[in-house]
Protein chains: 2
Amino acid sequence: MDTKQAVIALSCLAQEARLQIFRLLVQTSPAGLAAGEIAIRLNMPASTLSFHLKELSHAGLVKSVQSGRFVYYSTNFNTMNALMAFLTENCCGGEQSCSKPENCS
Amino acid sequence: MDTKQAVIALSCLAQEARLQIFRLLVQTSPAGLAAGEIAIRLNMPASTLSFHLKELSHAGLVKSVQSGRFVYYSTNFNTMNALMAFLTENCCGGEQSCSKPENCS
DNA sequence: TCTATATTTCCACAATAATGGAAATATAGT
DNA sequence: ACTATATTTCCATTATTGTGGAAATATAGA
């Protein structure tokens, strides 16, 4: 992951509707949910949802599979994990205790 | 952390200049850097840097301490760790293997 | 108090992004 | 072929955000 990709991924998540979608998919992974089901659960117009799902896909944060008339969306953990790693890269200059940034304060 | 706070934090990071600043501070934590030193290292005009540091502070992602004429900025790991946790909350519905989302794919 | 240095505020311009209804497209079942 | 259902595309409107020079503010040292 480089800075440009990270900005795209972060911009994607930096939006209330998309953040809700993303978190819902994290929680329902790895199975994922059909677009319509997401729309119902988040009470979101189909066109708005579709717009946001496209953005999330483009950023590589979610993936989709078609199954009949349904399109199932789920989290792409590769991108997500890469993003997390990028944000904490070389934390505290590589100091021992910071290999897990949860330990930092 | 709630959705609103997370959006603020993510919006903050979803910007090339701020992401660079943030990562630089992650790497130089816990000591941090003076504003002027950040400006030099990132080759950024002082006013632009100041604007972005203010945003990062407001989002709780960095903290600052004044020391003489210098203001030292450093990462606020509390917010950062809370953000990470929020994004991966209840991953895969709480399934065992997903307690660490690095294991998910 | 005067000067040098560090940081922040002010301002105006330019560019980008979110929303949702209506229509279009795609798939399944009869 | 027809109907019902699922999803996406199109479009126009509205609002928000990043930028950097110049000036203002703050602190330290002589």
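Chain A is the first sequence line, chain B the second, and so forth, proteins listed ahead of strands; every chain is numbered from 1. Values below: all heavy atoms of this structure, side chains included; hydrogens, waters and symmetry mates excluded.
Listed for the Arg18(A) side chain is no donor-acceptor partner under 3.5 Å among the backbone atoms of Leu13(A). No donor-acceptor pair closer than 3.5 Å links the side chain of Arg41(A) to the backbone N or O of Gly36(A). Not one N or O on the side chain of Asn76(A) forms a donor-acceptor pair closer than 3.5 Å with the backbone of Lys63(A). A distance-only check finds no donor-acceptor pair linking the side chain of Gln96(A) to the backbone of Cys98(A) [under 3.5 Å].
For Glu55(A), the side-chain atoms get nearest to dA18(C) when compared with the rest of dT7(C), dA18(C), dT7(D). Side-chain proximity of Lys54(A) to the nucleotides dA6(D), dT9(D), dA6(C) is greatest for dT9(D).
Rounded to an integer number of Å, the gap from CG of Leu10(A) to P of dG18(D) is 13 Å. Atom CG of Leu53(A) is separated from atom C1' of dT7(D) by 10 Å (rounded to the nearest Å). Counting to the nearest Å, the C1' atom of dG21(D) and the CE atom of Met44(B) are 16 Å from each other. In this structure, the NE2 atom of His58(A) is 11 Å from the P atom of dA17(C), given to the nearest Å. Phe51(A) places its CZ atom 14 Å from the P atom of dT16(C), with the value rounded to the nearest Å. dG20(D) atom P lies 8 Å from atom NE2 of His52(B), rounded to whole Å.
Each of Gly68(A) and Ser11(A) lies near DNA chain C, and the nucleotide nearest Ser11(A) is the one positioned closer to the 5' end.
Taking all atoms of both residues into account, the shortest heavy-atom contact from Leu83(B) to Ala9(B) is CD2-CB, 4.2 Å.
The phosphate of dT16(C) has neither OP1 nor OP2 within less than 4.0 Å of any side-chain N or O from Gln15(B). For Ser47(A), no side-chain nitrogen or oxygen approaches OP1 or OP2 of dG21(C) to under 4.0 Å. Within the structure, a side-chain polar atom (N or O) of Thr48(B) is placed less than 4.0 Å from OP1 or OP2 of dG20(D). For dT7(D), the OP1/OP2 oxygens have no side-chain nitrogen or oxygen of Tyr72(A) closer than 4.0 Å. The side chain of Arg18(A) contributes an N or O atom lying less than 4.0 Å from OP1 or OP2 of dA18(C).
Contact annotation for Ala35(A): backbone-only contact, meaning every heavy-atom pair under 4.0 Å involves sugar-phosphate atoms and none involves a base. Residue Ala39(B) is classed as having no contact, given no heavy-atom separation below 4.0 Å to the nucleic acid.
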